[in-house]
Amino acid sequence: MSTDPVTDDSESEVHLGEPLGIVEGPVEQLRIVEALLFAAAGPLDEEALAERLPKGADLKSLLVTLQAFYAPRGVNLVRVAGKWTFRTAEDLSFLLHKETAEERKLSRAALETLAIVAYHQPVTRAEIEEIRGVSISKGTLDLLLETSWLRIRGRRKSPGRPVTFGTTQAFLEHFGLEAIGDLPGLDDLKAAGLLDGRLPPGFQIPMPSDDHNLRDDEEPDDQAILDLSLGPRIGDDEAGS
């Protein structure tokens with residue numbers, strides 16, 4: 001008579017609640033998604049994740065499950081610019097300040113230009129200057145293009161065919177936005193104290209849109225090399241800075 005213990009496969013099966021403390025979704029598929037996101041150099045979209053999963057896997061449910069599991073932990077699973085990535089929990093970010101590279105501070109002109117493009121895109125340099133009420137130097141736009149927060153969309157169908165600018169996915173990722181529509185509106189800006197109560201009658205904040213499709217008044221850019229301006233002009237707000 002054999003003395004080997006009898007093993008019940010149904011009882012020895014690994015359940016999701018054991019490694020992760022949650023009860024939904026196949027554990028192996030969760031581990032795959034978790035590993036892909038952890039090892040990725042940047043955020044991944046759902047299409048890239050689905051390619052590595054078994055056919056029929058419920059990716060959205062897996063992501064929601066992982067997001068709920070990591071919500072109270074030191075790293076969180078977040079969605080930015082339509083993609084998924086792990087990021088340090090916001091309440092612990094102060095612990096990593098010494099570990100991050102020193103960031104280059106943008107000038108006031110660059111910040112204002114970036115905000116104008118974000119809210120008014122697609123917008124030309126002349127339109128930016130009209131909104132700001134002051135000329136901008138070539139270096140301001142060059143810097144924002146180098147950071148990959150702005151991109152050249154195309155050209156306006158008007159005399160001179162001026163270049164039109166818009167924001168990028170890198171802009172959304174850096175500022176932690178899911179979509180450009182998540183930018184603060186009029187009430188949000190007032191609550192933050194960024195706008196005073198003496199606004200002109202009928203003042204409104206435009207509804208931003210970063211649709212990549214060219215609009216009716218735009219056409220594709222057909223020049224390999226773009227000269228955004230001939231150089232700083234007299235009266236430029238950053239002359240000498």
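Put simply, CG on Asp211 and CD1 on Ile180 are 12.0 Å apart, with the number rounded to the nearest 0.5 Å. Note: Ile136 CD1 to Ile128 CD1 = 4.5 Å, rounded to the nearest 0.5 Å.
The main-chain N or O of Val78 is never found under 3.5 Å from a side-chain atom of Asn76 such that the two would form a donor-acceptor pair. A donor-acceptor pair under 3.5 Å is formed between the side chain of Gln121 and the backbone N or O of Thr167. A donor-acceptor pair under 3.5 Å is formed between the side chain of Thr168 and the backbone N or O of Ser148. Between the side chain of Lys157 and the backbone N or O of Glu219, no donor-acceptor pair lies under 3.5 Å. Between the side chain of Arg125 and the main chain of Pro162, no donor-acceptor pair closer than 3.5 Å is present. Between the side chain of Arg153 and the main chain of Asn213, a donor-acceptor pair closer than 3.5 Å is present. Of the possible donor and acceptor atoms, none in the side chain of Thr85 sits under 3.5 Å from a partner among the backbone N and O of Gly42.
Looking at Glu178 and Arg79, a side-chain N of the basic residue comes within less than 4.0 Å of a carboxylate O on the acidic one, giving a salt bridge. Under a 4.0 Å N-O distance rule, the pair Glu28/Arg31 qualifies as a salt bridge. Taking a cutoff of 4.0 Å between a charged side-chain nitrogen and a carboxylate oxygen, Asp221 and Arg155 qualify as a salt bridge. Note on Glu173 versus Lys83: no salt bridge recorded, every NZ/NE/NH1/NH2 to OD/OE distance being 4.0 Å or above.
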Trace of the side-chain contact (heavy atoms from CB on, under 4.5 Å) decision for Val80 with Leu172: CA-CA 7 Å; Val80 292; Leu172 298 178; over 6 Å; no

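Within 6.0 Å of atom CD in Glu46, more than 12 heavy atoms from other residues, nucleotides or ligands are found, so the atom counts as buried in its surroundings.
When all heavy atoms of Ala118 and Phe171 are compared, the pair lying nearest together is CB-CZ, 4.0 Å.
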